[in-house]
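One-based numbering along the sequence shown.
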Amino acid sequence: LFPYLTAQTVKGILVYHVLAQRNFSVNLPATTTNLTTLLNTVFATHPGIAATATFTGPFVSAATVKGVGNPSAANVLINPFPGGSSDQHYVNGVLHKIDQVLIPQ
């Protein structure tokens, strides 16, 4: 796929999947809000990704993120409590699983 996905394109897609700050699922906004990604460190005017969460009580029951170039929003895998694992802790952040690739343009 190299003729279609150059190294620069793949790098752009990868940094588009990393939010600029740590976000647990409960920190996602209830109304659609653009969140900055690492892509914004190069293109400050880029709108980032649109994120929306649905809350049931204090917990997130559904969440979506949408890239600028995506026709539809990606679903964030939400595992309900108790024992939920929606927020996977890592050294420098939180990992969330989504069901499609986010396209920055």
Starting at [atom1] of [X], measure out to [atom2] of [Y] and round the result to the nearest 0.5 Å.
| X | Y | atom1 | atom2 | value |
| --- | --- | --- | --- | --- |
| Q21 | T36 | CD | OG1 | 6.0 Å |
| I103 | I13 | CD1 | CD1 | 4.5 Å |
| T9 | L14 | OG1 | CG | 11.0 Å |
| H46 | T41 | NE2 | OG1 | 12.0 Å |
| K97 | Q88 | NZ | CD | 10.5 Å |
| L38 | H17 | CG | NE2 | 12.0 Å |

For the student: nearest non-hydrogen atoms of [X] and [Y], plus distance:
| X | Y | answer |
| --- | --- | --- |
| F55 | P58 | CD2-O, 4.1 Å |
| S25 | I78 | CB-CD1, 4.4 Å |
| L102 | A74 | CD2-CB, 4.2 Å |
| D87 | H96 | OD1-CE1, 2.8 Å |
| L39 | G12 | CD1-O, 4.3 Å |
| A73 | T64 | CB-CB, 3.8 Å |

Checklist entry - Quick one: are I98 and V65 in side-chain contact, heavy atoms under 4.5 Å? => result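 They are in side-chain contact.
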Checklist entry - Quick one: are L19 and I49 in side-chain contact, heavy atoms under 4.5 Å? => result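 The answer is yes, as the side chains (C-beta and beyond) meet within the 4.5 Å cut-off.
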Checklist entry - With respect to P47, which candidate in L35, V68, T37, N40 satisfies the side-chain contact (heavy atoms from CB on, under 4.5 Å) definition? => result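 Testing P47 for a side-chain contact (heavy atoms from CB on, under 4.5 Å) against L35, V68, T37, N40 leaves exactly one candidate, V68.
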Next on the checklist: Would you say V26 ends up clustered with V94 if hydrophobic residues are merged whenever their side chains have heavy atoms under 4.5 Å apart, either directly or through other cluster members?
Outcome noted: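 Both belong to a single hydrophobic cluster.
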Next on the checklist: Test of understanding: with side chain to side chain donor-acceptor pair (under 3.5 Å), list the residues that count as partners of D99, not counting sequence neighbours.
Outcome noted: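 With neighbours one apart ignored, the set is N75.
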Checklist entry - Is the CZ atom of F43 crowded by more than 12 outside heavy atoms at less than 6.0 Å? => result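 Check fails, neighbour count at 12 or below.
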Next on the checklist: Please tell me whether T54 and S61 have a donor and an acceptor in their side chains that are separated by less than 3.5 angstrom.
Outcome noted: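 The criterion, which ignores hydrogens and geometry beyond distance, is not satisfied for S61 and T54.
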